[in-house]
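In what follows, a single structure is set out as structure tokens and then discussed.
Because only heavy atoms are used, hydrogens play no part in the values below, and waters and symmetry mates are left out as well, while side chains stay in. This structure is a prediction, so every number in the text was calculated from the model and none was measured. By convention in this document, chain letters (A, B, ...) are assigned in the order of the sequence lines, proteins followed by strands, and residues within each chain are numbered from 1.
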Amino acid sequence: MSSSVSAFRAANNHPNFPQMEDEVLKFWDEADVYHESLRRREGAPSFVFYEGPPTANGMPHPGHCLTRSIKDVFPRYKTMRGFRCVRKAGWDTHGLPVEVEVGKELGIHSKEEIEAFGVESFIQHCERSVWRYMQAWRTLTRRLGFWVDLDDAYVTYHQSYIESVWWSLKQLYDRGLLYQGHKIVWWWAQGGTALSAGEVGEGYREVADPSVYVRFPLIDRPNRSLVVWTTTPWTLPSNQFAAVHPELQYSVVADQETGEELIVATALVDTLAHKIKRPLETLETIDGTRLIGLRYQPPFDTYAARAGEIGTLADGTAQHRYFRVVAADFVTIDSGTGIVHMAPAFGEADHEVLLQERQRFIDQHTLELFCAVGPDGKFTHEVPDHAGVWVKDADKPLIRQLKESQRLLHQEQYVHSYPFCWRADQDPLIQYPRRSWFVRTTEYRDAMLANNAQIGWQPEHIRDGRFGNFLASNVDWALSRERYWGTPLPIWICQETGKGEAVASYAELLAKPGVSGTEAWEQAKAAMPELVDDLRVHKPYIDEVTYDSPFAPGARMRRVSEVIDCWYDSGAMPFAQFGWPHQNDAQFKDQFPADFISEALDQTRGWFYSQLAISTMLFSEQARAQQAEEHGVQVDGPHPFRNCIVLGLMLGEDGQKMSKSKRNYREPTEIFEKYGADALRWFFFSGQPPWTAIRYREQSIRESIPEFLLRLWNVFSFFTIYAEIDGFDPTAGATPDEQLHRSGFQGATGYRPVALRSEIDRWILSELNRTIEIVTQRMDALDNYNAAAAITSLVDALSNWYVRRSRDRFWAGEKESADKLDAFWTLYEVLLDVTKLIAPFTPFLAETLWQHLREPFANHSTDGNQPLASVHLCDYPEADPALIDTALSDSMRLLREIASLGRAARAEANLKVRQPLAKVEVVLANDSEIKWLESHDALVRDELNVKEVAYTTQGDQYVQYKIVPNFKRLGPRVGKNMPAVKAALADADGGKLLSEMQSVGKIVLPVADQSLELTAEDIDIRLTAREGWAAAQGRQCVVVLATELTDELIREGIAKDLIRTIQNLRKEIGCQYTDRIRIGIQTDSDQVKQAVIENQTLIAGETLATEILDAAVSGGGQAQGEDAVITIAAEPS
RNA sequence: GGGCGUGUAGCUCAGUUGGUUAGAGCGCGUCGCUGAUAACGACGAGGUCCCAGAUUCGAGUUCUGGCACGCCCA
């Protein structure tokens, strides 16, 4: 303690957080702290984290900062809690977005252009494009403090990754879960390609299309027709069904003019009558369900030959396959007739209906898809009248034919929005069926639901809401893509028999009999040695590899041309990140399933789904029952992730979507430079629960600094200032452990057990341990928001009560008083634990604090160990229940309330705090706390600047008592009579009831013909200050000020004003905290003169003055105030 | 059109199993503190808890039906 060199150096109280963070980053790099933190947990239980792979061919933006912050805080926390948490980075590298980027770069767009350019060169460009913004991602990740192993990242285009995906697809293929079917896509017929949803969305335009109302005469009653409406007459030749809504009402109406009967939705009869300009007489009304099954004559005879075909339903009954009425929920009465023409080839919804219908038949495949249009958008020979005609050009002649065949009821123009090709804006898109590979996920729907039910979702409603509903309405996964840059679908087909087989690895392929075609890759590699080897399993090289068919002698096996949906890639990452099962068996088994993942809400149908679907199909009990070979993964409970935090959408400054063009958000780099990463992180963690939509506002981020970071820093700075002045040295006699746990301070000089310390020390330690308890409990539940809230309130208590009320203990004259040392030790202990507590949240500030706090031990050799080099190597603090004192917490809360009420009363009475007052009286509702409060009145006296504090429950002269029922207690007991009880208590004399309660222990109240007995717990006492006093009321007490001032008190007030003026002068002339000064006070006022004389010791003590003269001192500063001219000068040191 | 979510102070958001004085931070205003000082404290203004109905002794909280906004899907 007496060392001449201070153990602590005063910390700068104007910290530059961004600069501090840069230094921390350097330190982390140099000391390799992340890997060291893993090494320290070698052999510890794993906390498994999966990184959802971002794509590195776009710039990272603020949304990524949120996900990366959340992904960082829990692994850091768990690591400190004793788990081993490896964080393997990953990159999503395949898919259309990459192709589009490369296309832009090369100035080519359509598939023909890509083919003409050369697929080989194209995918080589793709491979390079993927890493375009890698450096930006690295920089951001590091700068944000996201600890993830970027050097050991998984990459979806790597051969090992692809081979894992292949293995899984072979599993599915061998189990019959991979099949070919039709997918209805938005098709650009002129370009011969399908467009993605995003591209389709670009191209919507208002257009006028012909809209026709067509008669579908019933087979059994040719004079009666369904009236069907469509805006795409060209689809009518491919009609298969007519759909009605089973819950709608339909009417049979008579057309007076023709004598025919028409069926139309009841709600639309009038509309139709108006359109055809003649009255329709309702004959009968029937439910939609009764129309189902009725057969009709198709509008064209394209497929009329099939009209007689009959199939067998699952229940054994026979039914015609085509041209009948079916049920569909999407039918509306918004427009049309309530009866919808179904051409499943040209509408996704229509196609769904076909699939549903197929389900009903025993031999599902007999229900065909009618498609009278070729991929070029022109009619096939199946429509001889229009063969070779572009469908949109056929609308008119088709309508003419309908007119001729008496089928057309009405025709008009209909304006609606319709998609066109975004590159050739004269070309309308059409929905068109393409052959596509599907994963039969529907077979695993129940297993997926069961799996999902066990996942810990945050927020919980995702499970049964958005995600659960999505799973419940699961449809088979359209897996294949007719593109180039993606994982090739590993299915080889026999050129003769059409039979196929799946291949699980490149090696397996090479081992096939008669394999050939590998030279395509070998030649490319020889010509360009810099090509990455992973490309050998990509198009076009892989397409060249063929082998002898096992199905037909002499036939060859050739790969199908498609690649797969890149969502499947990312969904396979739980095993593919390790190349499992081809390698790393132990690693996979250790890291499966994940304990924790987190991504934004848009991943519900993306990564959350793809992971769950693949894992369920491969590893669930149902899957294991289907598998020929055992793959050694036995998982119960949810997989592949146990907990998932679903993050909300991030919005810009204006609450709108973030948009580059609107410039409504700040770039993360700008935030880092101005405020630092901790400010951004703390804003994310503490601002709102992570699943709410987050408004990313510069102002809110900036506010993290004074609210939290700077406030804590100020406490720390305060500590170091006085630790330096007083030479506080925690090392002397200490036997510290490497964590600097308080147990190592036991024998240190001046260290006293907590029980011997003052109440406020025990209070802040109690608050600290309570907070540790809450934070630990919340973080274990993956609830960063409430954990952060608990930390905030601890730092507030520390700064605004503990330090505020303990300041004079730190600047007390005696350097080695026990109380002063208690204060130092207490604050030091609290700072150490707070530093560890905040480490996962604001790792930079925590690291900086730790470096300072550990410094005395790092510099001095002690009997104990060296402290750990980084706070991130420490264990998380554990709450010490022995230090938690809830009664003390409650009492202190009351004390703080009294202080706050006292200040309120002062403000009310216009009495500033510098003016001392003689007395305050505190009126309490009960006496339970009085004893404790009396023992702490020094604190209140000081805080409120009064000479005396008196506590009483007998405050009739100051207050009125009002008794209200304790609703929670009495509610269940008195029920309906509650209002009567409330009224009776309000009407009675509160003071009387109270004294009755105090003397007898209960009160008896007449309520509704009976008397009700109330004990003290059944009532709440409310105090109201009477008029005429300088008083303020709270929930539990009223604080009353004695406002009369004596001359002595006034003079003391003057002295305090003088002190303040002098302190300001000290600062103005640049005094150090410990510099001594001389003071001159010149005044004509006798009152001031006397105030100075009476309070000389006080003034001199507070301002470190060696003497106070009544003449000017020169060489320093001067100020006017309190009717005096004040001069000060620094003493030479 | 369907699903899910959100709606509380000027702004950003809390609000536990229903309990009668609805909170925090920021901003604004007033006052104060001043050996942490670009920090800090107190007080104040500011709320039909989106609307309507229901359940209940009692609803911001539960239920039903609307309205608005957002996301996803059609």
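- For B/rA54 and B/rG70, the C1' atoms lie 29 Å apart once the distance is rounded to whole Å.
- Nucleotides B/rC50 and B/rG15, compared at atom P, are 14 Å apart to the nearest Å.
- Among residues two or more places apart in sequence or in another chain, the side chain to side chain contact (heavy atoms under 4.5 Å, CB included) test is passed with A/Ala1055 by A/Asn1095, A/Ile1099.
- Applying the side chain to side chain contact (heavy atoms under 4.5 Å, CB included) test to A/Trp229 and every residue at least two apart in sequence or in another chain returns A/Ser211, A/Tyr213, A/Thr231, A/Ser335, A/Thr337, A/Tyr414.
- For the residue pair A/Thr442 and A/Asn474, no side-chain donor N or O sits within less than 3.5 Å of a side-chain acceptor on the partner.
- Residues passing the ring pair (Phe, Tyr, Trp, His ring centres under 6.0 Å) test with A/His351, sequence neighbours excluded: none.
- Here the side chains of A/Thr441 and A/Val475 are not in contact, with every heavy-atom distance at 4.5 Å or above.
- Across the P atoms, B/rA9 and B/rG23 are found 14 Å apart, a figure rounded to whole Å.
- Between the P atoms of B/rC40 and B/rG25, the separation comes to 11 Å (whole Å).
- The CZ-P distance, from A/Arg695 to B/rC69, rounds to 17 Å in whole Å.
- Atom CZ in A/Phe683 sits about 11 Å away from atom C1' in B/rC13, given to the nearest Å.
- With sequence neighbours excluded, the residues that form a ring pair (Phe, Tyr, Trp, His ring centres under 6.0 Å) with A/Phe470 are A/Tyr609.
- Residues A/Ile455 and A/Leu612 form a side-chain contact, since some pair of their non-hydrogen atoms from C-beta on lies under 4.5 Å apart.
- Only the C1' atoms considered, B/rA45 is 16 Å distant from B/rC11, to the nearest whole Å.
- With sequence neighbours excluded, the residues that form a side chain to side chain contact (heavy atoms under 4.5 Å, CB included) with A/Ala787 are A/Val775, A/Arg778, A/Met779, A/Phe841.
- Under the 4.5 Å side-chain criterion, counting only non-hydrogen atoms from C-beta, A/Tyr665 is not in contact with A/Met650.
- For A/Ile184 and B/rC73, the CD1 to C1' distance is 18 Å, given to the nearest whole Å.
- Under the Watson-Crick or G-U wobble criterion, with both distances below 3.5 Å, B/rA14 has no partner in any strand shown.
- Partner assigned to B/rU48 is none, using Watson-Crick or G-U wobble distances below 3.5 angstrom.
- Atoms CZ (A/Phe470) and P (B/rG5) sit 17 Å apart, rounded to a whole Å.
- Between A/Asn474 atom CG and B/rC73 atom P the separation is 15 Å, expressed in whole Å.
- Atom CD in A/Glu703 sits roughly 14 Å away from atom C1' in B/rC28 (whole-Å rounding).
- Taking a pair to require two hydrogen-bonding distances under 3.5 Å in either a Watson-Crick or a G-U wobble arrangement, B/rA42 pairs with B/rU30.
- A/Phe810 and A/Phe824 have their aromatic ring centers within a separation under 6.0 angstrom.
- In this structure, the ring pair (Phe, Tyr, Trp, His ring centres under 6.0 Å) partners of A/Phe467, at least two apart in sequence or on a different chain, are A/Trp457.
- Regarding A/Leu970, its CG atom lies at a distance of 15 Å from the P atom of B/rG19, rounded to whole Å.
- Every residue two or more places apart in sequence or in another chain that forms a side chain to side chain contact (heavy atoms under 4.5 Å, CB included) with A/Glu703 is listed here: A/Gln699, A/Glu707.
- Salt bridge A/Lys674/A/Glu698: present, at least one basic N to carboxylate O contact under 4.0 Å.
- Base pairing annotation: B/rA36 forms no Watson-Crick or G-U wobble pair, as no partner gives both donor-acceptor distances under 3.5 Å.
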Is there any protein nitrogen or oxygen under 3.5 Å from a nitrogen or oxygen in nucleotides 14-18 of chain B, and what are the pairs?
residue	atom	partner	partner atom	Å
B/rU17	O4	A/Lys968	NZ	3.3

Hey, what are the protein-to-nucleotides 55-65 of chain B N/O distances that come in under 3.5 Å?
residue	atom	partner	partner atom	Å
B/rC57	O4'	A/Gly975	O	3.4
B/rC57	N1	A/Gly975	O	3.3

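- B/rG58 and B/rU21 have their P atoms separated by 15 Å, given to the nearest Å.
- Residues A/Ser717 and A/Trp713 have side chains that never bring a donor and an acceptor to within less than 3.5 angstrom of each other.
- Separating the CG atom of A/Asn945 from the P atom of B/rC31 is a distance of 20 Å, rounded to the nearest angstrom.
- Listed by chain and number, the residues in a ring pair (Phe, Tyr, Trp, His ring centres under 6.0 Å) with A/Phe684 amount to none (sequence neighbours excluded).
- Between A/Phe8 and A/Tyr828, a ring centre-to-centre spacing shorter than 6.0 Å is recorded.
- Along RNA chain B, the nucleotide nearest A/Ser700 and the nucleotide nearest A/Val964 are compared for position; the residue whose nucleotide lies closer to the 5' end is A/Ser700.
- When the C1' atom is compared between B/rC49 and B/rU61, the two are found 10 Å apart, to the nearest whole Å.
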Sequence-aligned protein contact record of nucleotides 33-44 of chain B, with B where the base is within under 4.0 Å of a protein heavy atom and S where only the sugar-phosphate is: SBBBSSSSSSS-

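- Base pairing of B/rC71 is made with B/rG3, judged by Watson-Crick or G-U wobble geometry with both donor-acceptor distances under 3.5 Å.
- Along RNA chain B, the nucleotide nearest A/Gln699 and the nucleotide nearest A/Lys982 are compared for position; the residue whose nucleotide lies closer to the 5' end is A/Lys982.
- To the nearest whole angstrom, the two P atoms, one in B/rG5 and one in B/rU64, are 12 Å apart.
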All N/O contacts under 3.5 Å from nucleotides 70-72 of chain B to the protein, with atom names and distances to one decimal?
residue	atom	partner	partner atom	Å
B/rC71	O2'	A/Arg466	NH1	3.4
B/rC71	O2	A/Arg466	NH2	2.5
B/rC72	O4'	A/Arg466	NH1	3.1
B/rC72	O2'	A/Arg605	NE	2.4
B/rC72	O2'	A/Arg605	NH2	3.2

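- Base pairing analysis places B/rA54 opposite B/rU62; the two distances defining the Watson-Crick or G-U wobble pair are each below 3.5 Å.
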